[in-house]
Amino acid sequence: MAETLPKGYEPQDVETRWRKHWEENKTFTPDPEAPGEPYAIVIPPPNVTGALHIGHALNLTLIDVLCRHARQKGKNVLWIPGTDHAGISTQHVVERALAKEGKNRRDLGRTAFVERVWAWRDEYGHRILDQISAMGASVDWTRLRFTMDEGLSAAVRKVFVRLYQEGLIYKGKYIINWCSRCHTALADDEVEHEPHRGQLWKVRYPLGDGTGHITVATTRPETIPGDTAVCVHPEDERYASLIGKTALVPVLGREIPIIADSYVDREFGTGALKVTPCHDHNDWNLGQKHHLEFLQVIDENGVMTDDAGSYAGLSKDACRQKIVDDIQAAGLLEDVEELDHAVGHCYRCHTVVEPHVSTQWFVAATKLAPVAREAVPALTQIFPETWLKTYYHWLDTIRDWCISRQIWWGHRIPAWTCKDCGELIVAEQAPETCPQCAGHNLKQEEDVLDTWFSSALWPFSTLGWPENTRDVQRWYPTTVLVTGFDILFFWVARMMMMGLHFMGKPPFGHVYLHALVRDAQGHKMSKSAGNGIDPREMIAKYGCDALRFTLTAFAAMGRDIRLSEDRIEGYRHFINKLWNAARFALMNLPENAPRPVNLETVSELHHQWLLHRLEMVKCDMDRALEEYRFNDAAQLGYKFLWNEFCDWYLELIKPDMQSDDRRRNTAQYVLWLSLREILVLLHPIIPFVTAEIWAALPVPAGSTATDLALEPYPRQRPACQRPTEAAHMEFLQNTIVAVRTIKAELGISPGHKASLILHPVDAAQNALLEENRSCIVTLARLETLTIDATAPAPRASASAVVDGCQVIVPLKGMVDLHAELARLDKELAKVENDLVLTNKKLHNESFMSRAPADVVNRERERAEKLLDAKDKMLKLRARFAEALEDDGQSSSCEVPQKP
RNA sequence: GGGCAGUUAGCUCAGUUGGUAGAGCAUCGCCUUCACACGGCGGGGGUCACAGGUUCAAGUCCUGUACUGCCCACCA
């Protein structure tokens, strides 16, 4: 007997050991010169501030499944791990820590603050890395990257300079989204619009000529001091006479023009719009178009400026209150109504975002977008396809990307201004002197770049670009990007733009967008809602493999995952099942691998069946993974292992293990080999338990156990595909099930050894049953088995029909005979019902003439079988009914019944 | 306002090119069978949201309706 495994599977110990083994052996560090088709995936870099959450767990699991599978298929696989500096988030975290010491970043100054953030990263940044490792991710730790590494920073500077030189990066004064809490500009997609119940104030603006007033509607009265026009629709008859006249800003009394623009919606509010170019994106556009005055009345801290006149110095909220009061006092407030509308919030801190005019840096995304659009699907395919439209729509309506951030943590913009002559210098390295005036008085831009700027370069910067490294040559473009759809715009689209622009090729061949993990009620998991499932806790409780299997099994393309703890617990049972199947194998295998037998000539039906099924699963599982059908792959493995391998095959070979040497050796060899192949198939999904079992299984004398992580995908064995024999085995299984059902439904104790009489339909069936007599006896738990179409059967017998074979269980004295009658009638009703349906089809002329021949034939065969079964069952029932009458109710019970 | 999903067994979900609905969990009954009670065997449970249409045949294709969820968006 081979060495045994511990009785219970203990994931913690096993996982720690294998993680260490793989890391120490650099198992997942590929050689660019190695053979094999290159296969590369970049990790969506988690924030250094982050802790592993369930979304990461899903992402890492799916990527790992793909990478491990690709390795099995002989590909040269590179999975680069890394983290993102996450500018605003990380700065927040460190600022919060500072606040506890009663300090803020300005107390430290820029240099000291940035040093402090680095120190923080060095201390805590590894936590997320440990957690990536805890998920079993087969990443190459020797190539670990961070977006602010020197290499990646060099890539950032190079990209910035080139885009600037090409006119694709520019600096200018524009209206942007301003978070007064973070004190920085935000990109358009960093603003989240949330529904908000607000008020709509209708305010009278007296006409400049004193002939009356025009009423405008606004949700933001605090911006009234910044109004520089009133705008109406050019075809709005109500206001036609006012166009070209002037109005007076309420309370302040400043005179502003009344202009016309078709942008105005006549239906909304009063049909008259106040224009505040510095505090609204649309008004900004109107201001440009109509050459209006630009008055900034709210500053970057949310305080009213001097241009706000008497409101200067007030916070914008206080100003709103005061100006509404003043307007009302002046008798100019016509109406106030409730209004539901969307208000922009900062995606990081949720503060209301203020449109703000300031000087910022922009990437001309409008110019880069078309190429990224055309690359899909020609060069890059998106899965699932439903995201295509979303991708296109975003690129089609894109605006230039504001990339400067007024924070300190990040890639500082490589631009300098000469204080002497005002020259702007953009360069990869700090210039010594001003190229214009040779002055030394140069000052670098204070701003840093948007975090997503460096993320956009990730697929090539992590490979060593701008150096032309072997890694770049070998692994760019990467094979597939696996990420959540929530960062399709932030990240995927921008990587497409940058990759195409700088590398001439899109950064990945495929994009697989996976779902969001939600709670059991379908809500997004979040810390604040307290409904999150912490993967670290789940790993500790159920083991990493259970978590991974659950996530994989639920990862159906295009659907969100509703996760709850009991589902993970459920799949832990599967891990345990596998473990115990392995324990069984080890108890029945010799110390060294069993002597090989020729699998193609194995004669026993159960081996042929198992080997056939194994071929099918190997093929189906491979295809499922190639097509990103993770859930299908998991289900295939689950069903095959549990319902076929464990439920049937292990039971079928138990007698073999007590048999003569030849039979035992054959069973041992097929068991050993099939279990090994199953382990390979399951390994991408559940790497730890499979590796552990693999290592425990015997190997041929003289050799040592290999690492399952390096084992190739099992090759196909076409000669083992035996559909005919497999169908025969299924017939035997159905026969056994029929006996079990009879026993269960008649209340016969499963332990009772019944007698069974089989009336085969023909000689072939007779031979088949005879050859497999022992397996029927064992699995149906029989006392005696008679296989003979002419064998007399007691009338008082329970019966069934399987593929024409009559299955007869003599009830000797008496079980509950009425129960058998009821059971028979139920079966009969089922058959009859099916027969009616089938015949209906066969008598339908349209069906007979229009349906394809093979479909018609199938229906005919079905009808024949059903009819045969019906006849036989009717006869059996008639005999049984007679017995029932003869017997009366009084017979004693010779068969043990349940209590 | 636009776009995209979803609606199938009590719950969570599968269902590939149209051919008489599947799984897990839950439930019910039986079983201390020597790998596993995190187990075994067997059973019950669905007019596939609704209304039309195409077809010999629709959970599957088309149209519309109703809910639910998500994304995008400049009605102030």
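Here is how names work: the chains are called A, B, and so on, in the same order as the sequence lines, proteins then strands, and each is numbered from 1.
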Open item on the list: Of the listed nucleotides (B:G22, B:C70, B:U20), which one gets closest to any side-chain atom of A:Asp834?
Closed with: B:U20
TODO: Determine the interatomic distance between P on B:C25 and the same-named atom on B:G42; round to the nearest Å.
DONE: 14 Å
Open item on the list: Need one value for A:His393: base, sugar-phosphate or nothing, where a base atom within 4.0 Å counts as base even if backbone is also close, heavy atoms only.
Closed with: sugar-phosphate
Open item on the list: When you compare the side chain of A:Ile214 with that of A:Val232, does any pair of heavy atoms fall below 4.5 Å?
Closed with: yes
Open item on the list: Under 4.0 Å between a side-chain nitrogen and a carboxylate oxygen: does that hold for A:Glu354 and A:Arg220?
Closed with: yes
Open item on the list: Rounding to an integer number of angstrom, what distance separates B:C74 and B:G2 when you compare their C1' atoms?
Closed with: 14 Å
TODO: Would you mind telling me which residue lines up with the more 5' stretch of RNA chain B, A:Gly570 or A:Asn576, judged by nearest nucleotide?
DONE: A:Gly570
Open item on the list: Classify A:Asp647 by what it touches in the nucleic acid, base, sugar-phosphate, or nothing, heavy-atom distance under 4.0 Å.
Closed with: sugar-phosphate
- [ ] Once you apply the 3.5 Å cut-off to both distances, tell me the Watson-Crick or G-U wobble partner of B:U68, or none.
- [x] B:A5
Open item on the list: For a quick test of reading the model: is some side-chain N or O of A:Lys389 closer than 4.0 Å to OP1 or OP2 of B:C72?
Closed with: no
- [ ] For the side chain of A:Asn580, starting at C-beta, report the closest nucleotide among B:A76, B:C36, B:C38.
- [x] B:C36
- [ ] Give a yes or no on whether a donor-acceptor pair under 3.5 Å exists between the nucleobase atoms of B:U55, that is its base, and the side chain of A:Ser846.
- [x] no
Task: Lys/Arg cation over aromatic A:Phe489: A:Arg494, 6.0 Å, 45° cone - done: no
- [ ] Give a yes/no answer on whether the side chain of A:His573 brings an N or O atom under 4.0 Å of OP1 or OP2 in B:G39.
- [x] yes
Task: Cation-aromatic face contact A:Arg664/A:Trp672, 6.0 Å, 45 degrees - done: no
- [ ] Please tell me which of the listed nucleotides, B:C75, B:G19, B:A14, lies nearest to the side chain of A:Asp265?
- [x] B:C75
Open item on the list: Out of the candidates A:Tyr638, A:Tyr542, A:Trp642, only one should pair with A:Tyr571 under the ring pair (Phe, Tyr, Trp, His ring centres under 6.0 Å) rule; please name it.
Closed with: A:Tyr638
- [ ] For A:Arg220, answer base if it contacts any base atom (sugar-phosphate contacts may also be present), sugar-phosphate if it contacts only those atoms, and nothing otherwise; contact means non-hydrogen atoms under 4.0 Å.
- [x] nothing
Open item on the list: Within the 4.0 Å heavy-atom criterion, would you say A:Phe554 contacts the bases, only the backbone, or no part of the nucleic acid?
Closed with: sugar-phosphate
Open item on the list: Once you apply a heavy-atom cut-off of 4.0 Å, does A:Ser849 come out as touching a base, just sugar-phosphate, or nothing?
Closed with: nothing
Task: Residues A:Asp227 and A:Lys274 bridged, charged N to O under 4.0 Å - done: yes
Open item on the list: Suppose you measure atom C1' in B:A9 against the same atom in B:G46; what distance do you get, rounded to whole Å?
Closed with: 5 Å
Open item on the list: Using whole Å, what does the distance between atom P of nucleotide B:A57 and atom CZ of A:Phe847 come to?
Closed with: 11 Å
Open item on the list: Nearest to the A:Ala851 side chain among B:U12, B:C56, B:C36, which nucleotide is it?
Closed with: B:C56
Open item on the list: Taking the P atom in each of B:A57 and B:G19, what is the distance between them to the nearest angstrom?
Closed with: 14 Å
Open item on the list: Rounded to whole Å, please give me the gap between NE2 in A:His341 and P in B:A73.
Closed with: 17 Å
Open item on the list: With a 4.0 Å cutoff (strictly under), does any side-chain N or O of A:Trp642 reach OP1 or OP2 of B:A35?
Closed with: no
Open item on the list: Regarding A:Glu651, tell me which of base, sugar-phosphate or nothing describes its non-hydrogen contacts under 4.0 Å with the strands shown.
Closed with: base
Task: Separation between the C1' atoms of B:A14 and B:U7, rounded to whole Å - done: 15 Å
Open item on the list: Using a 4.0 Å heavy-atom cut-off, does A:Arg781 contact any base of the nucleic acid, only the sugar-phosphate backbone, or nothing at all?
Closed with: base
Task: Rounded distance in Å between the P positions of B:C41 and B:C56 - done: 45 Å
Open item on the list: Please report the distance, rounded to the nearest Å, between CG in A:Leu650 and C1' in B:G39.
Closed with: 13 Å
- [ ] Quote, to the nearest angstrom, the C1' distance that separates B:U20 from B:C13.
- [x] 23 Å
Task: B:G10 pairs with, by Watson-Crick or G-U criteria that keep both distances under 3.5 Å - done: B:C25
Open item on the list: Considering every strand and a 4.0 Å limit on heavy-atom distances, what is the contact class for A:Cys646: base, sugar-phosphate, or nothing?
Closed with: base
Open item on the list: In this structure, how many angstroms lie between the P atom of B:A26 and the OH atom of A:Tyr571, rounded?
Closed with: 12 Å
- [ ] Could you tell me the separation between the CD atom of A:Gln635 and the C1' atom of B:U16, rounded to a whole number of Å?
- [x] 15 Å
Task: A:Glu745 CD - B:G44 P separation (whole Å) - done: 7 Å
Open item on the list: My understanding is that a pair needs two contacts under 3.5 Å, Watson-Crick or G-U wobble. By that rule, which nucleotide pairs with B:C34?
Closed with: none
Open item on the list: Closest approach to the side chain of A:Ala342, judged atom by atom: which nucleotide of B:G29, B:A73, B:C56 is it?
Closed with: B:A73
TODO: Identify whether any heavy atom of A:Val275 sits under 4.0 Å from a base atom; if not, whether one sits that close to sugar-phosphate; answer base, sugar-phosphate or nothing.
DONE: nothing
Open item on the list: Looking only at the aromatic ring of each residue, does the gap between the centers of A:Phe490 and A:Tyr347 stay below 6.0 angstrom?
Closed with: yes
- [ ] List the atom of A:Asp283, the atom of A:Thr276, and the distance in Å for their closest heavy-atom pair.
- [x] OD2-N, 2.7 Å
TODO: Provide, to the nearest angstrom, the distance between the CG atom belonging to A:Asn734 and the P atom belonging to B:G42.
DONE: 11 Å
- [ ] Indicate whether the side chain of A:Asp261 and that of A:His290 have a donor and an acceptor atom separated by less than 3.5 Å.
- [x] yes
TODO: Scan A:Tyr263 against the nucleic acid and name what it touches under 4.0 Å (heavy atoms): base, sugar-phosphate only, or nothing.
DONE: base
Task: A:Glu565 CD - B:U12 C1' separation (whole Å) - done: 16 Å
Open item on the list: From the set B:A35, B:C56, B:G42, return the single nucleotide nearest to any side-chain atom of A:Lys654.
Closed with: B:A35
Open item on the list: Going by purine N1 to pyrimidine N3 plus the second Watson-Crick contact, or the G-U wobble pair, all under 3.5 Å, which nucleotide sits opposite B:U17?
Closed with: none
Open item on the list: Under 4.0 Å from OP1 or OP2 of B:G40: is there any side-chain N or O of A:Lys577 that close?
Closed with: yes
Task: Among B:G19, B:G29, B:U20, the nucleotide that comes nearest once only the side chain of A:Arg858 is considered - done: B:G19
TODO: Report yes if a side-chain nitrogen or oxygen of A:Arg629 is closer than 4.0 Å to either non-bridging phosphate oxygen (OP1 or OP2) of B:U16; otherwise report no.
DONE: no
Task: Earlier contact from the 5' end, RNA chain B, for A:Val737 and A:Asp632 - done: A:Asp632
Task: Nucleotide nearest A:Phe268 when distance is taken to its side chain, options B:C56, B:C75, B:A35 - done: B:C75
Task: Exercise: identify the closest heavy-atom pair between A:Arg629 and A:Asp632 - done: NH1-OD2, 2.7 Å
Open item on the list: When both hydrogen-bonding distances must be under 3.5 Å and the geometry is Watson-Crick or G-U wobble, what is B:A51 paired with, if anything?
Closed with: B:U63
Task: Interatomic distance at P, B:U55 relative to B:G18, whole Å - done: 16 Å
